[in-house]
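To start, the structure itself, in structure tokens.
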Amino acid sequence: MENIKKIYNCLLSEYGPQGWWPLLDFRGRNPTKTGSIKGYHPRDYSFPKNDRQRFEICCGAILTQSVAWSSVEKALMNLKKIKAIEATAINKINIEKLKSAIKPAGYFNQKAKKLKEFAKFYISLKGKTPTREQLLSVWGVGRETADSILLYAYKVPIFVVDAYTKRIFSKLGFFKESADYDEIRELFEKNLPKDFKIYQEFHALIVEHAKRHYTKKLCGINCPLKKIVK
DNA sequence: AACCAGGACGTGA
DNA sequence: TCACGTCATGGT
């Protein structure tokens, strides 16, 4: 399974550092990225720089569930406008007001409740890093969201497995599409240095590669990685 | 004009 | 455990 690392190196040299997780108040851009969403910070792994950014990442991780980031960005900008990207603010805000702010990100009834639940949890942490189990106990936080929060908001070296990861690597023959989330996660963690920077970068690269070669239509035809895996 | 996007939860078998 | 329905807006 040395191939896992080969693929990482290949994607990195192909697309370059991705600069995830995007932040609203960071003006930098990634010129190699598809689309023109701002907030990426390639080669800079010092984020989040403060608690505000940390909470923003958590909100984004919840809001992006099954939704394109461009939609999440709108929702986050709405929240910023009403000064609600802060746990205490989300905790207090009128739920209907919260729903209308995050409407662009879809599933607003559920996601408003999820943000409320998470804000309460976040406050209870009092600045400490949550465990994965603690995160999973929060209503609305599943495995991918928990791992995204740990990896990008807290720099904990946990590999994030998303639908794209399953699609790409099952097509390449690493496991079957129905494989268990944690088994897939451990496969990646076992074959990579335990480094949050690499995990962050790889996950972002997988999303970028999927958008170019693994949409449901393309489904990997012409995927250059096939030659590497063989 | 269907189809899908950086999932999670509830339900019934 | 597992397969399936539901949630909802916005871009292609």
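Residue numbering restarts at 1 for every chain, and letters A, B, ... go by the order of the sequence lines.
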Nearest-nucleotide pick for [X], side chain only, options being [options]:
X        : options              : answer
A/Lys216 : C/dG10, B/dG6, B/dC4 : B/dC4
A/Tyr107 : C/dT9, B/dG7, B/dG6  : B/dG7
A/Lys74  : B/dG6, C/dG10, C/dT9 : C/dG10

[X] [atom1] to [N] [atom2], straight-line distance once rounded to whole Å:
X        : N      : atom1 : atom2 : answer
A/Gln65  : B/dA8  : CD    : P     : 5 Å
A/His203 : B/dG7  : NE2   : P     : 8 Å
A/Arg185 : B/dG6  : CZ    : C1'   : 18 Å
A/Lys111 : B/dC9  : NZ    : P     : 13 Å
A/Lys103 : C/dC7  : NZ    : P     : 16 Å
A/Met77  : C/dG10 : CE    : P     : 12 Å
A/Lys166 : B/dG7  : NZ    : P     : 11 Å
A/Lys217 : C/dT12 : NZ    : C1'   : 7 Å

For this session: Under 4.0 Å between any heavy atoms, over every strand shown, what does A/Ala210 touch: base, sugar-phosphate, or nothing? Just pick one.
Result: nothing
Exercise. At under 4.0 Å between heavy atoms, what does A/Val138 touch on the DNA or RNA strands: base, sugar-phosphate, or nothing?
Worked result: sugar-phosphate
Spacing of the [atom1] atoms in [M] and [N] (rounded, Å):
N      : M      : atom1 : value
C/dG5  : B/dG6  : P     : 23 Å
B/dA8  : C/dG11 : C1'   : 23 Å
B/dC3  : C/dT6  : P     : 16 Å
C/dG10 : B/dC9  : C1'   : 23 Å

Salt-bridge criterion met for [X] and [Y] (N-O under 4.0 Å):
X        : Y        : answer
A/Asp25  : A/Lys80  : no
A/Glu2   : A/Lys6   : no
A/Lys197 : A/Glu201 : no
A/Arg52  : A/Glu56  : yes
A/Asp180 : A/Arg143 : yes

Seminar exercise, completed: Heavy-atom nearest nucleotide on DNA chain B taken for A/Leu136 and for A/Trp21; more 5' hit belongs to A/Trp21
Exercise. Closest nucleotide of DNA chain B for A/Lys113 versus for A/Tyr164: which of these residues is on the 5' side?
Worked result: A/Tyr164
For this session: May I have the step-by-step check of ring-ring contact (aromatic ring centres under 6.0 Å, His included) for A/Phe188 and A/Phe169, ending in yes or no?
Result: CA-CA 11 Å; A/Phe188 282 91; A/Phe169 288 87; 4.8 Å; yes
For this session: Would you please indicate if the ring centroids of A/His41 and A/Phe47 are separated by under 6.0 Å?
Result: yes
Exercise. Is the aromatic ring of A/Trp69 within stacking range of B/dG6, meaning centres under 5.5 angstrom and planes under 30 degrees?
Worked result: yes
Exercise. Can A/Trp20 be said to stack with the base of B/dG6, given centres closer than 5.5 angstrom and planes under 30 degrees apart?
Worked result: yes
Any side-chain donor near an acceptor of the partner, [X] and [Y], under 3.5 Å:
X        : Y        : answer
A/Lys49  : A/Ser46  : yes
A/Asn91  : A/Tyr122 : no
A/Asp162 : A/His203 : yes
A/Gln65  : A/Lys114 : yes

Exercise. Think A/Arg167 has a side-chain N or O under 4.0 angstrom from the OP1 or OP2 of B/dC4?
Worked result: no
Problem set entry | Close approaches to DNA chain C from residues 139-154 of chain A, in residue order (heavy atom, under 4.0 Å) | none
Considering only nitrogen or oxygen atoms on both sides, find all protein atoms under 3.5 Å from nucleotides 4-6 of chain C and state each distance.
none

